[in-house]
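First up is the structure itself, then whatever we jot down about it.
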Amino acid sequence: MALYSEKVMDHFKNPRNVGTIEDASGVGTVGNAKCGDIMKIYLKIEDNIIVDVKFETFGCGSAIASSSMATVMIKGKSVDEALELSNKAVAEALDGLPKHKMHCSLLAEEAIKAAVKDYYDKAGIEYDHEMFKDLGEHDEDED
């Protein structure tokens, strides 16, 4: 079996939603100090729906593929639906990631949450702070 699925390779070679959104409703940046991956997600939200999403990722192929797939999965969804996206769902949508690369899908999940938190903060929307307390608190071996 190949190390990476065809979907991982496709999203790495042809990433969707790359770029920035100048007037983003929320921006989330997360990174993993151990591997050096940095992920930035931009959200454009109208009437609680993510109408546009872009990403910039500095990292390995798995990080780029995870960013790309995560943006595809939340575009057109409600903010609440985006918050429910898990790293395992991203990995499954990519037909799997090697165990030592699961942290890449976790970064995608966290970047989305960080962008939503930024949106809530900018818009003055009340939220449960417990929902975001673990952002950035993981190590590379988590999955």
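For this chain, numbers begin at 1 and follow the sequence in order.
- Shortest non-hydrogen contact noted between Ala89 and Leu85 is CB-CD1, 4.1 Å.
- Ser5 places a side-chain N or O within donor-acceptor distance of the main-chain N or O of Leu94, the cut-off being under 3.5 Å.
- Defined by atom type and a distance below 3.5 Å, a donor-acceptor pair is missing between the side-chain atoms of Tyr120 and Glu126.
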Val18 and Phe55: CA distance, side-chain angles, deciding distance, side chain to side chain contact (heavy atoms under 4.5 Å, CB included) verdict
CA-CA 5 Å; Val18 176; Phe55 79 91; 3.7 Å; yes

Evaluate the salt bridge (charged side-chain N to carboxylate O under 4.0 Å, His left out) criterion for residues Asp10 and Arg16: first the C-alpha distance (whole Å), next the side-chain angles of each, then the deciding distance (0.1 Å), finally the verdict.
CA-CA 10 Å; Asp10 180 40; Arg16 282 63 150 188; 2.6 Å; yes

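- With contacts defined as side-chain heavy-atom distances shorter than 4.5 Å, the pair Ser105/Lys88 does not qualify.
- Under the rule for a side chain to side chain donor-acceptor pair (under 3.5 Å), Asn48 has no partner lying at least two apart in sequence or in another chain.
- Counting all heavy atoms, side chain and backbone alike, Cys60 lies closest to Asp37 at N-OD1, 3.3 Å.
- In this structure, the ring of Tyr127 has its center less than 6.0 angstrom from the ring center of Phe132.
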Take Val27 and Leu43 through the side chain to side chain contact (heavy atoms under 4.5 Å, CB included) test and state the conclusion after the steps.
CA-CA 6 Å; Val27 180; Leu43 300 176; over 6 Å; no

Could you please spell out the steps behind the salt bridge (charged side-chain N to carboxylate O under 4.0 Å, His left out) verdict for Lys113 and Glu109?
CA-CA 6 Å; Lys113 286 182 178 171; Glu109 174 189 330; 3.0 Å; yes

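- The nearest pair of heavy atoms linking Gly26 to Lys122 is CA-NZ, 4.4 Å.
- In terms of heavy-atom proximity, Ile112 sits nearest to Ala82 at CG2-O, 3.9 Å.
- Using a 4.5 Å heavy-atom cutoff, the side chains of Lys77 and Ile49 are not in contact.
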Please report the C-alpha distance between Tyr4 and Lys101 in whole Å, then the side-chain angles of each, then the deciding distance to 0.1 Å, and finally whether the side chain to side chain contact (heavy atoms under 4.5 Å, CB included) criterion is met.
CA-CA 10 Å; Tyr4 296 108; Lys101 291 295 185 178; 3.6 Å; yes

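- Within the 3.5 Å criterion, the main-chain N or O of Leu107 finds no donor-acceptor partner in the side chain of Asn32.
- Both Leu3 and Met9 sit in one connected hydrophobic cluster of ILVMFWY residues. Membership requires side-chain heavy atoms under 4.5 Å apart, directly or through other members.
- The hydrophobic cluster containing Leu97 also contains Val90, counting ILVMFWY residues as joined when their side-chain heavy atoms lie under 4.5 angstrom apart, directly or transitively.
- Panel note: side chain Glu84, backbone Glu81; no donor-acceptor pair is recorded below 3.5 Å.
- Put simply, the side chain of Val79 reaches to within 4.5 Å of the side chain of Tyr119, judged on heavy atoms.
- Classification of Lys133 and Asp128 as a salt-bridged pair fails, no side-chain N sitting under 4.0 Å from a carboxylate O.
- In the hydrophobic clustering of this structure, Met73 groups with Ile45; members are Ile, Leu, Val, Met, Phe, Trp, Tyr whose side-chain heavy atoms approach within less than 4.5 Å, directly or through other members.
- Applying the side chain to side chain donor-acceptor pair (under 3.5 Å) rule to pairs touching residues 21-31 yields Asp23-Lys44, sequence neighbours excluded.
- With a 4.5 Å cut-off on side-chain heavy atoms, Ile64 and His11 do not count as touching.
- Here CD of Glu110 is found 5.5 Å from CG of Leu135. Values are rounded to the nearest 0.5 Å.
- In this structure, Lys13 has no side chain to side chain donor-acceptor pair (under 3.5 Å) partners at least two apart in sequence or on a different chain.
- There is no path of hydrophobic side-chain contacts, each under 4.5 Å, that joins Ile125 to Val51.
- The hydrophobic cluster containing Val53 does not contain Ile38, counting ILVMFWY residues as joined when their side-chain heavy atoms lie under 4.5 angstrom apart, directly or transitively.
- With a 4.5 Å cut-off on side-chain heavy atoms, Thr20 and Lys54 do not count as touching.
- Contact record, Ser78 with Ile50: O-CD1, 4.3 Å, taken as the closest heavy-atom pair.
- Between the side chain of Ser66 and the backbone N or O of Ser62 there is at least one donor-acceptor pair closer than 3.5 Å.
- For the residue pair Asn17 and Thr71, a side-chain donor N or O sits within less than 3.5 Å of a side-chain acceptor on the partner.
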Side chain to side chain contact (heavy atoms under 4.5 Å, CB included) for Met69 and Val8? Distances and angles first, verdict last.
CA-CA 9 Å; Met69 179 58 81; Val8 170; over 6 Å; no

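- The two residues Ala65 and Phe12 have their closest heavy-atom pair at CB-N, 4.1 Å.
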